[in-house]
Number of protein chains: 2
Amino acid sequence: MDAVFKALADESRRSILDHLYNQGGLTLGDICEPFVESMSRQAVMKHLKILEEAQLITIVWSGREKHHYLNPVPIHAIQDRWIRKFEKQRMDALSALKHALEGTTPKTKGKKHGSS
Amino acid sequence: MDAVFKALADESRRSILDHLYNQGGLTLGDICEPFVESMSRQAVMKHLKILEEAQLITIVWSGREKHHYLNPVPIHAIQDRWIRKFEKQRMDALSALKHALEGTTPKTKGKKHGSS
DNA sequence: TTGACATGTAACCATTTAGTTGCATATACT
DNA sequence: AGTATATGCAACTAAATGGTTACATGTCAA
């Protein structure tokens with residue numbers, strides 16, 4: 001989980017994921033193309049390694065060519081196990097903040113959500 | 001957007017957000033409590049500054065006390081502008097990968113999604 | 001078999017990050 | 001007024017990060 005958040009923290013890596021979203025099965029060389037002017041092949045490799053370790057991409061070898069596929073599962077997991085929670089209470093949180101800004105209640109009292 | 005991803009990349013910061021989710025309006029001191037064994041107050045302050053700059057939290061001053069509120073809007077934005085996209089094509093991507101693993105098609109042909 | 005091509009590994013470097021300690025300032029309480 | 005409390009700021013440090021260059025390996029094709 002932490003590995004996924006860390007992997008997504010970098011704009012270049014998010015951009016790589018975008019490219020693999022647009023077209024699956026790209027080789028390392030293919031992935032490098034859009035970054036030729038901005039980054040070396042080795043730099044891209046490092047990013048791919050991080051994405052792979054976070055299981056955000058899957059590698060399929062075919063001879064000397066390494067094909068990369070987006071694996072949407074970890075993104076789904078984050079959506080499901082992390083974002084959903086905040087999403088669910090979105091209105092709650094916003095209204096609590098509103099009250100605070102109005103000086104009505106400095107703290108949200110008696111409304112602990114509990115971690116179970 | 002990048003600031004939000006960067007802010008969420010750190011476990012301590014995600015933990016702080018969790019605490020603010022459970023109870024809004026916590027002061028700096030309150031937020032420090034769970035971390036008293038692991039981190040100094042100044043370290044927590046730095047995390048809060050990063051969270052604030054990413055607009056993930058909102059500050060409300062009351063005298064000398066600084067109250068913190070979760071702002072779920074940026075998380076919602078990420079869900080909406082970033083994760084949704086991958087979520088939508090989840091099955092597509094997975095089946096493309098499956099085909100690749102079976103050696104059926106090395107690349108996803110004629111299926112570019114286009115960025116518009 | 002030889003050369004070109006696709007990828008890998010290693011050593012190094014600059015910057016950022018996450019933390020520290022020490023000191024300063026502002027507000028509340030008695 | 002004087003003291004305790006709540007927060008802020010600055011300087012410093014160690015480790016992680018994102019990048020580089022140089023060299024190595026493995027596979028395809030003439």
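Throughout, a chain's letter reflects where its sequence line sits, starting with A, and its residues are numbered from 1.
- If you take CG of A/L48 and P of C/dG8, they are 9 Å apart, rounded to a whole angstrom.
- A search for side-chain hydrogen bond (donor to acceptor under 3.5 Å, both in side chains) contacts involving B/K6 returns B/D2, not counting sequence neighbours.
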So which protein nitrogen or oxygen atoms get under 3.5 Å of nucleotides 18-20 of chain D's nitrogens or oxygens?
{"residue": "D/dG18", "atom": "OP1", "partner": "A/D10", "partner atom": "OD1", "Å": "3.3"}
{"residue": "D/dG18", "atom": "OP1", "partner": "A/R13", "partner atom": "NH2", "Å": "3.3"}
{"residue": "D/dG18", "atom": "OP2", "partner": "A/R13", "partner atom": "NH1", "Å": "3.2"}
{"residue": "D/dG19", "atom": "OP2", "partner": "A/H47", "partner atom": "NE2", "Å": "2.2"}
{"residue": "D/dG19", "atom": "N7", "partner": "A/K46", "partner atom": "NZ", "Å": "3.0"}
{"residue": "D/dG19", "atom": "O6", "partner": "A/K46", "partner atom": "NZ", "Å": "2.2"}
{"residue": "D/dT20", "atom": "OP1", "partner": "A/S40", "partner atom": "N", "Å": "3.4"}
{"residue": "D/dT20", "atom": "OP2", "partner": "A/S40", "partner atom": "N", "Å": "2.9"}
{"residue": "D/dT20", "atom": "OP2", "partner": "A/S40", "partner atom": "OG", "Å": "2.6"}

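- Between the CG atom of B/L26 and the P atom of D/dT7 there is a distance of 11 Å, given to the nearest Å.
- Here the C1' atom of nucleotide D/dT17 and the CG atom of A/L51 are 14 Å apart, to the nearest Å.
- With rounding to whole Å, B/D2 atom CG is found 14 Å from D/dT17 atom C1'.
- Here B/E65 pairs with B/T27, B/H67 under the side-chain contact (heavy atoms from CB on, under 4.5 Å) rule; sequence neighbours left out.
- The list of ring-ring contact (aromatic ring centres under 6.0 Å, His included) pairs with a residue in residues 31-60 of chain B, not counting sequence neighbours, reads B/H19-B/F35.
- Taking only side-chain nitrogens and oxygens, B/K66 comes nearer than 4.0 Å to OP1 or OP2 of D/dG8.
- Rounded to whole Å, the distance from CH2 on A/W61 to P on D/dT25 is 15 Å.
- One distance of note links CG of B/L70 with CD1 of B/I57; it measures 9.0 Å at 0.5 Å rounding.
- Computed from coordinates, the A/H68 NE2 to C/dG8 C1' distance equals 12 Å when rounded to whole Å.
- Across the protein-nucleic acid pair, B/F5 atom CZ and D/dT17 atom C1' stand 18 Å apart, rounded to whole Å.
- With sequence neighbours left out, the side-chain hydrogen bond (donor to acceptor under 3.5 Å, both in side chains) criterion links B/D18 to A/K85.
- A/R14 contributes a side-chain N or O that, together with a main-chain N or O of A/L8, makes up a donor-acceptor pair within less than 3.5 Å.
- Applying the side-chain contact (heavy atoms from CB on, under 4.5 Å) rule to B/E53 yields the partners B/K49; only residues at least two apart in sequence or on another chain are considered.
- With sequence neighbours excluded, the residues satisfying side-chain contact (heavy atoms from CB on, under 4.5 Å) with B/E33 are B/D30.
- By the side-chain contact (heavy atoms from CB on, under 4.5 Å) test, B/I31 is found to be paired with B/I16, B/L20, B/L26, B/V44, B/L48, B/H68, residues two or more places apart in sequence or in another chain being considered.
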Might you list the N or O atoms of the protein lying below 3.5 Å from N or O atoms in nucleotides 27-30 of chain C, with each pair's distance?
{"residue": "C/dT27", "atom": "O2", "partner": "B/R64", "partner atom": "NH1", "Å": "2.8"}

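- Atom C1' of nucleotide D/dT5 and atom CE of B/M45 are separated by 15 Å, given to the nearest angstrom.
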